[in-house]
**Q** 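Have a look at the structure that comes next, please.
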Amino acid sequence: MEERTAAFRLITGPEGLREAARALAGARRVGLDIEATGLSPLDARMRLLQLAAGGETFVVDVFEVKDLSPLREALEGGPLKVLHNAKYDYSFLLAQHGIRLSPLFDTMLAAQLLDGGEQGPSYSLEAVAGRYLQETVDKTARREDWSKELSREQLEYAARDAAILLPLHERLQELLEREGLGPVSRIEFGAVPAIAEMELAGIRLDVRRWRELERVVRRRRDEAARRLESHFPQPEGVLPLEGLGPRLNLNSPQQIMEAFRSIGIELPDTRMWTLLTVDHPAARDLLEYRELQKKLGTYLETYEGFVHPKTGRIHASFLQCRVPTGRLACTNPNVQQIPHEDEFRRCFVAGEGNVLVIADYSQIELRILAEVSGDPGFVEAFRRGEDLHRVTAATMFGVPKEEVTKEQRSAAKRINFGLAYGRGPRSLAAQLGTDEERARRLIDEYFATYGRVQRYLNETANRALKEGALRTLSGRLRKFGRTRGLSSAERGALKREAMNYPIQGTSADIAKLALIFIHSELRDLDARLINCIHDEFVVECAEEQAEEAASRVRSAMVRAGERLLKRVPVEVEVAVSREWRK
DNA sequence: TAGCAGCGCCAC
DNA sequence: AAACGTGGCGCTGCTA
């Protein structure tokens, strides 16, 4: 049955839904919001669908109207759908009604882009509406129970959330265009479906292999612990019951420092870097213990808890606009930080009858540096398809390319990667295991060869200090809050951040474009994205479509890269495997 | 008991 | 004195 008020129209039956569909069909844009009984589309149930268009707001009770197909045409195309945190609504509509919202405008992402990476206090709808409209929005109803009989107040709040999206869109759209953020906002909005579907697809963990690895690593960890403890004097007054006495906690840096002191070794801290310089077997044993303990605690003992009971897969969350550089962040769990060793990655497998297509950009950050600096040495090396590290080594050390030694190439590689992070001579010296003077000379020689790179990095750092903001090739904005009255340490840190931003940020631009293109290329295949690790994409697909999927993923990624890189070619490496390894 | 800072380390 | 950019997260040890 239907109810009318001035504010909204409650829809509980198919006739009302058809009327709503007609209203949407004629609209240019629709404010859209949902209410659900929880956060996960795999566990919670969608309760309300609110649609604001053409001066009307429809509130659909999805418990009553179970079939939303009359709305499909308007939701999967046609008018612009304006949402706040679109990934949430997109996931529910896809998982529970098979509807893929398009096209999208996300007011949360818009607000985050406008802030240029300086995370505002909150990006809730009420906060954003409060900031950009002269209205206050009360969201007390948000925390209420959406599974029972709904109060008039709840329905009104729900309707208001959808309605307010329209004026908010108008304002944010205007600001995005004015700030030159139109192109990057279209990348972000376009990537929402790819990211939502990647989360829904999830990743399969071979639990048997994982448990076996856990046993092996635990045994190694226990051995390392025994060796480590044997270096230190036994605590006095050990109780007769073995193991109950006060024991050294190997996970406590504080206690470890004390233990080292007790054998005459004074440590400033217990970091890996520090421990590597300590000439005592206890330092080696501690490093080994730490590594194994990290792998047990962070991965082996916790990941099974993330396997969803309904899907048997791990559904991580990807955060689209949390990182100032534009990269994705990932949590619950962070599947972007799984150890790279084969013994770990081989536990992440394709489902029955499927394979994984693993594709990554080859040296994308260095290609971006070549592009933005325009350095002829860099650009030409990439154009000729040469091994850039070898070329760098040859020029730095003044030897023919064929005579470059392993050590020389490795040093060049470390400089190549390090300078994108604003690395200095001291830290380079430490990594190369040489003295600071030699490191400084290497850097000087490097910049003598690649003068445009040096000039670009300096100019970028200075521009950040002067203008307080930088942009990537897509126009993504990053503001640098305070640039005056900085200590020299703060100034140095800001300069390094600044030098890195256009590189890392443009890489993120390309990755998000690639997400859009890959998602769209795979639409008519039995294939889907399951992970994205900055410049690497993992797709799971039916075995017999592997070749086709691999070729489409590659061309989508190349197209994304070439959209932003004009002077330098883009290369992608693709592998097909049942396991996540190349 | 929950929340948080500091330390330390995994990824790119 | 400074030290390599972006994150998430486990553990300790403290506080409210």
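All values below were derived from every heavy atom in this structure, side-chain atoms included, with hydrogens, water molecules and symmetry-related copies excluded. Just so you know, these numbers come straight off a predicted model, no measurement behind them. Just so we're on the same page: letters track the sequence lines, and every chain starts at 1.
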**Q** Expressed as a whole number of angstroms, how long is the span from A:Glu343:CD to B:dC10:C1'?
**A**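 So the two atoms are 14 Å apart, to the nearest Å.
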**Q** Side-chain N or O of A:Arg478 less than 4.0 angstrom from OP1 or OP2 on C:dT6?
**A**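 Checking C:dT6 against A:Arg478, a side-chain N or O does come within under 4.0 Å of OP1 or OP2.
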**Q** Is a donor-acceptor pair below 3.5 Å formed from side chain A:Arg327 to base B:dC12, judging by atom type as modelled?
**A**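 A donor-acceptor contact between them is present.
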**Q** Exactly one of A:Val278, A:Asp279, A:Leu276 should register a side-chain contact (heavy atoms from CB on, under 4.5 Å) with A:Arg284. Which one does?
**A**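 When A:Val278, A:Asp279, A:Leu276 are each tested with A:Arg284, the side-chain contact (heavy atoms from CB on, under 4.5 Å) holds only for A:Leu276.
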**Q** Quick check for you: among B:dC10, C:dT6, C:dG5, whose closest atom lies nearest to any side-chain atom of A:Arg496?
**A**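 That would be C:dG5.
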**Q** For a side-chain hydrogen bond (donor to acceptor under 3.5 Å, both in side chains) with A:Arg478, tell me which candidate from A:Glu497, A:Gln504, A:Glu118 qualifies.
**A**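 The option that passes is A:Glu497.
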**Q** Any side-chain N or O of A:Thr270 less than 4.0 Å from the OP1 or OP2 oxygen of B:dG8?
**A**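 True: A:Thr270 side-chain N/O within range (under 4.0 Å) of B:dG8 OP1/OP2.
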**Q** Looking at B:dC9, I'd like to know if its phosphate oxygens (OP1 or OP2) sit under 4.0 Å from a side-chain N or O belonging to A:Thr298.
**A**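 Answer is no, no contact under 4.0 Å.
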**Q** Check whether the side chain of A:Lys294 and the base of B:dC9 form a donor-acceptor pair under 3.5 Å.
**A**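 Yes, a donor-acceptor pair under 3.5 Å.
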**Q** Using a 6.0 Å cut-off, check whether atom NZ of A:Lys495 has over 12 heavy atoms from anything other than its own residue.
**A**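 It does not: A:Lys495 NZ has 12 such atoms or fewer within range.
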**Q** Between C:dG5, B:dC12, B:dA11, which nucleotide gets closest to the side-chain atoms of A:Asn500?
**A**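 So the nucleotide nearest the side chain must be C:dG5.
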**Q** Check the distance between C:dG10's C1' and A:Glu291's CD and give it to me in whole angstrom.
**A**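 After rounding, the reported distance stands at 16 Å.
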**Q** Do any N or O atoms from the side chain of A:Gln255 and from the backbone of A:Asn249 form a donor-acceptor pair under 3.5 angstrom?
**A**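 Yes; at least one donor-acceptor contact below 3.5 Å.
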**Q** Output the single nucleotide from C:dG8, C:dT6, B:dC10 whose closest atom is nearest the side chain of A:Leu319.
**A**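 So the nucleotide nearest the side chain must be C:dG8.
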**Q** Where the side chain of A:Arg313 meets the backbone of A:Val307, is there a donor-acceptor pair that is under 3.5 Å apart?
**A**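 Such a contact is absent between A:Arg313 side chain and A:Val307 backbone.
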**Q** Could you tell me how far apart A:Phe417 (CZ) and C:dG5 (P) are, to the nearest whole angstrom?
**A**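 Going from A:Phe417 (CZ) to C:dG5 (P), I get 17 Å.
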**Q** For C:dA3 and B:dC10, measure between their P atoms and round to the nearest Å.
**A**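 Taking atom P in both C:dA3 and B:dC10, they lie 23 Å apart.
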**Q** Closer than 4.0 Å, any side-chain N/O of A:Ser252 to the OP1 or OP2 of C:dG13?
**A**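 True: A:Ser252 side-chain N/O within range (under 4.0 Å) of C:dG13 OP1/OP2.
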**Q** Mind checking if A:Glu497 touches a base, just sugar-phosphate, or nothing, with heavy atoms under 4.0 Å?
**A**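 It contacts sugar-phosphate atoms only.
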**Q** Quick one: is C:dG13 close enough that its OP1 or OP2 comes under 4.0 Å of any side-chain N or O from A:Gln255?
**A**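 So the side-chain polar atoms of A:Gln255 do come within 4.0 Å of the phosphate oxygens OP1 or OP2 of C:dG13, strictly under.
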**Q** Ignoring backbone atoms, test whether A:Arg290 places a side-chain nitrogen or oxygen under 4.0 Å from the OP1 or OP2 oxygen of B:dC10.
**A**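 For A:Arg290, the contact criterion (side-chain N or O under 4.0 Å from OP1 or OP2 of B:dC10) is not met.
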**Q** Counting side-chain heavy atoms from C-beta on, which of C:dC4, B:dG8, C:dG8 comes nearest to A:Arg322?
**A**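 Taking heavy atoms from C-beta onward, the closest nucleotide is C:dG8.
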**Q** So which nucleotide from C:dA3, B:dC9, B:dC12 ends up closest to the side chain of A:Arg345?
**A**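 My answer, after comparing the listed nucleotides, is B:dC12.
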**Q** Answer with base, sugar-phosphate or nothing: what part of the nucleic acid does A:Ser507 contact at a heavy-atom distance below 4.0 Å?
**A**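 Answer is nothing: A:Ser507 stays at 4.0 Å or more from every strand.
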**Q** Counting side-chain heavy atoms from CB outward, which of C:dG7, B:dG8, C:dT12 is closest to A:Asn251?
**A**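 Of the candidates, C:dT12 comes closest.
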**Q** Would you say C:dG7 has OP1 or OP2 under 4.0 Å from some side-chain N or O of A:His534?
**A**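 For A:His534, the contact criterion (side-chain N or O under 4.0 Å from OP1 or OP2 of C:dG7) is not met.
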**Q** Could you say whether A:Asn332 or A:Leu428 is positioned toward the 5' end of DNA chain C, judged by the nucleotide with the nearest heavy atom to each?
**A**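 Comparing both residues, the 5'-ward one is A:Leu428.
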**Q** For A:Arg271 and C:dA3, give me the distance from atom CZ to atom P, rounded to whole Å.
**A**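 The answer, rounded to whole Å, is 13 Å.
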**Q** To the nearest Å, how far apart are A:Lys413 NZ and B:dC12 P?
**A**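 It is 12 Å, rounded to the nearest whole Å.
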**Q** Measure from CZ on A:Phe318 to P on B:dA11 and round the result to the nearest Å.
**A**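 Answer to the nearest Å: 16 Å.
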**Q** Remember a base hit wins even if backbone is also touched, and classify A:Met499 as base, sugar-phosphate or nothing at under 4.0 Å, heavy atoms.
**A**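 The answer is nothing, as A:Met499 stays clear of every strand by at least 4.0 Å.
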**Q** Given A:Arg209, which partner from the list A:Glu214, A:Glu579, A:Glu343 fulfils the side-chain contact (heavy atoms from CB on, under 4.5 Å) test?
**A**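 Exactly one candidate clears the test, A:Glu579.
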**Q** Let me know the distance between CD of A:Glu365 and C1' of C:dG7, rounded to the nearest Å.
**A**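 After rounding, the gap between these two atoms is 13 Å.
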**Q** Strictly below 4.0 Å: does A:Thr331 bring a side-chain N or O up to OP1 or OP2 of C:dC9?
**A**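 Yes, because at least one side-chain N or O of A:Thr331 sits under 4.0 Å from OP1 or OP2 of C:dC9.
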**Q** Could you check whether A:Tyr501 gets within reach of a base, just the sugar-phosphate, or nothing at all, counting any heavy atom under 4.0 Å?
**A**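 No contact.
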**Q** Considering only side-chain heavy atoms of A:His340, which listed nucleotide, B:dA11, C:dG8, C:dG5, is closest?
**A**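 That would be B:dA11.
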**Q** Return the value, rounded to whole Å, for the distance between atom CG of A:Asp509 and atom P of B:dC12.
**A**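 My rounded result for the distance is 20 Å.
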**Q** Between A:Asn249 and C:dT12, is there a side-chain N or O to OP1/OP2 distance below 4.0 Å?
**A**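 Yes, A:Asn249 has a side-chain N/O under 4.0 Å of OP1/OP2 on C:dT12.
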**Q** Would the distance check show the side chain of A:Tyr501 and the main-chain N or O of A:Thr460 forming a donor-acceptor pair, the cut-off being under 3.5 Å?
**A**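 No.
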